[in-house]
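Just follow the structure's listing: the first ligand is 1, and inside any ligand the first atom is 1.
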Amino acid sequence: MGEALSKEAEASTEASAAAEVAVASRITGTGFSVPDRVVTNAHFESYLDTSDTWIRERTGIVERRWVGPEESASSLAEPAARTAIERAGLQAADIDGIIVATVTPDYAFPSTACMLQQRLGIDDALAFDVNAVCSGFVYALSTADAYIRAGMCRNVLVVGVDLYSRIINPNDRGTCILFGDGAGAVVLSAVAPEEQFAHGDTLIRGSVQTTAGIYSNLLGADGKHSSILCVPCGTANQPTAESMATDAHYLTMEGREVFKLAVRKLGEISLEMLERFDLPSEAVRYFISHQANERILLSMAKHIKVDAARIPMNLDRYGNTSAATIPILLAELDQDGKIDSGDLLMLNAFGGGVTWGAILLRW
Ligand code: ACO
């Protein structure tokens, strides 16, 4: 009896392990788009007490892109989305879900996802925005994965887009130098049921003969740190003539606190994700990490004991584009042929809220 029970328990453990690693969705296309206007560090030297050397040494940022007055989140997202749909081998009409991660929407409402849907000429798809600041893309991709797992969608367009040039205080040298505008997009498509369990369990043994797709999501938040990074303007604090005159509606940040929490959380979630599958960090080809600051990423590399070469960066060219950093980097690596089929990737992010998230997937 005891033996029978323990066999049952063993079988159920095996089943739950298989269930945990079975994939339901995979990225089938990527795209990105950045504004034409390049803003170098010299721009800030021209009117602030700062220097190119200070900015490069403290952040790793050399230049960023900013939109012009006629652009919006949805206009910047449109070419990224079109490229992702085309590279997925799909038509716009095949998209049945649109999730846009942004904190700089076209309007308070309708959502930027609906504005983008209109631009793409998609008639019949669910569409909504996600606000998780710099973790937004990881939250949006996890949501899309859950919708596909639930059978609610087959091809979801997931976009990260932010235009921080619209919300930074141009006179605050501690923040205005950090941010750029950009958009990145992926199409997340359902994996056929017969493929889902084909090789899923071999992930645990580190085999490369496994199904491509998302294996696991890890999301979290801690609202008690909400004030260390915020744009203090909304229904709780409506703009007044005085607040407009004193620039009180712009983004504010306690840089050192954000830095410390980001390093700690990115390290913790990366290790937790590896532990879920008993994987050594070398099993992951790239950590596609939110591009906030080179020093944050190098500290994270040390914490999780990975070679910095496996933490690709493009923040020198684009700065911190918030929800867009991860899909832009992913699209660049994909388009440059730097990701091979079968590679394990970990996406990880930390941002205002505070929020954090990690996704483990096989390309
Ligand atoms: N140029 C010159 N001096 C500057 C500048 C600047 N642009 N900005 C700040 N300083 C000064 C400060 O005023 C301060 O001077 P003081 O000592 O006379 O008071 C001095 O430099 C040191 O300031 P710190 O804030 O301690 O500088 P630090 O080394 O921490 O670097 C930075 C500041 C780059 C903002 C850093 O804290 C950081 O990267 N934090 C993470 C924040 C981040 O990446 N946020 C992005 C959003 S959140 C996310 O995406 C994860």
Side-chain angles (χ1 to χ4, degrees), residues 39-64 101-104 131-139 160-182 184 220-222 225-232 250-270 287-301 303 311 313-316 318-329 347-358:
V39 178
T40 64
N41 292 341
H43 166 78
F44 302 100
E45 284 180 324
S46 72
Y47 74 98
L48 285 173
D49 180 12
T50 189
S51 68
D52 176 46
T53 311
W54 193 98
I55 299 170
R56 282 177 195 241
E57 285 179 1
R58 298 296 181 110
T59 70
I61 299 166
V62 177
E63 59 188 41
R64 70 290 286 146
T102 187
V103 291
T104 49
N131 174 337
V133 202
C134 300
S135 312
F137 182 76
V138 174
Y139 268 65
V161 56
D162 268 311
L163 275 53
Y164 272 46
S165 64
R166 299 274 207 256
I167 56 170
I168 47 171
N169 180 346
N171 296 312
D172 176 7
R173 66 178 182 171
T175 54
C176 69
I177 54 154
L178 298 171
F179 298 99
D181 302 336
D222 187 351
H225 300 293
S226 56
S227 64
I228 65 172
L229 181 56
C230 69
V231 178
Y250 284 131
L251 178 150
T252 62
M253 180 179 74
E254 291 173 36
R256 273 184 212 178
E257 281 313 302
V258 173
F259 191 100
K260 279 191 286 186
L261 266 178
V263 169
R264 202 183 83 211
K265 257 317 173 190
L266 286 170
E268 277 175 15
I269 60 176
S270 304
F287 291 80
I288 315 274
S289 301
H290 169 53
Q291 306 282 296
N293 180 314
E294 184 181 28
R295 289 188 301 138
I296 290 179
L297 296 182
L298 294 179
S299 303
M300 181 193 85
H303 188 83
I311 305 187
M313 294 187 211
N314 60 9
L315 57 84
D316 55 325
Y318 303 134
N320 180 348
T321 57
S322 193
T325 64
I326 288 177
I328 291 176
L329 184 59
L347 317 185
N348 59 19
F350 176 88
V354 295
T355 54
W356 56 83

Can you tell me the protein heavy atom closest to [atom] and the distance?
| atom | answer |
| --- | --- |
| atom 51 (C) of ligand 1 | Phe350 O, 3.3 Å |
| atom 43 (C) of ligand 1 | Met253 SD, 3.8 Å |
| atom 40 (N) of ligand 1 | Gly255 O, 3.0 Å |
| atom 46 (C) of ligand 1 | Asn320 ND2, 3.2 Å |
| atom 49 (C) of ligand 1 | His290 NE2, 3.6 Å |
| atom 29 (O) of ligand 1 | Arg58 NH1, 2.5 Å |

Record the part of [X] in heavy-atom contact with ligand 1 below 4.0 Å; permitted values are side chain, backbone, both and neither.
| X | result |
| --- | --- |
| Thr50 | both |
| Leu229 | side chain |
| Leu48 | neither |

Next item on the list: Hey, can you tell me if Tyr47 and His43 have their rings parallel, tilted or perpendicular (30° and 60° cut-offs)?
Entry: perpendicular
Short side-chain to backbone donor-acceptor contact, [X] and [Y], under 3.5 Å:
| X | Y | answer |
| --- | --- | --- |
| Gln291 | Asn314 | yes |
| Asp162 | Ala323 | yes |
| Ser135 | Gly351 | yes |

Check: Evaluating non-hydrogen atoms only, which member of Trp54, Tyr164, Phe259 is closest to atom 5 (C) of ligand 1?
Finding: Trp54
Notebook entry, point to check: Among Glu57, Arg256, Arg173, which one has a heavy atom closest to atom 7 (N) of ligand 1?
Noted result: Arg173
[X]: numbered ligand 1 atoms lying under 4.0 Å from its heavy atoms:
| X | answer |
| --- | --- |
| Arg295 | 28 (P), 29 (O), 31 (O) |
| Ile177 | 7 (N) |
| Gly174 | 8 (N), 35 (C) |
| Ala292 | 44 (O), 49 (C), 50 (O), 51 (C) |
| Cys134 | 49 (C), 50 (O) |

Can you find an N/O atom of [X] closer than 3.5 Å to an N/O atom of ligand 1?
| X | value |
| --- | --- |
| Ser51 | no |
| Gly351 | no |
| Thr59 | no |

Item checked: Result of checking Ile326, Ile328, Thr102, Val161 against Phe137 for side chain to side chain contact (heavy atoms under 4.5 Å, CB included) -> Ile326
Next item on the list: Would you mind telling me which of Thr40, Asn320, Asn41 makes a side chain to side chain donor-acceptor pair (under 3.5 Å) with Arg64?
Entry: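 The option that passes is Asn41.
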Notebook entry, point to check: Cut-off 3.5 Å, side chains only: do Thr59 and Asn293 have a donor facing an acceptor?
Noted result: no
Checklist line | Pair Tyr164-Ser322, side-chain donor/acceptor within less than 3.5 Å | finding: yes
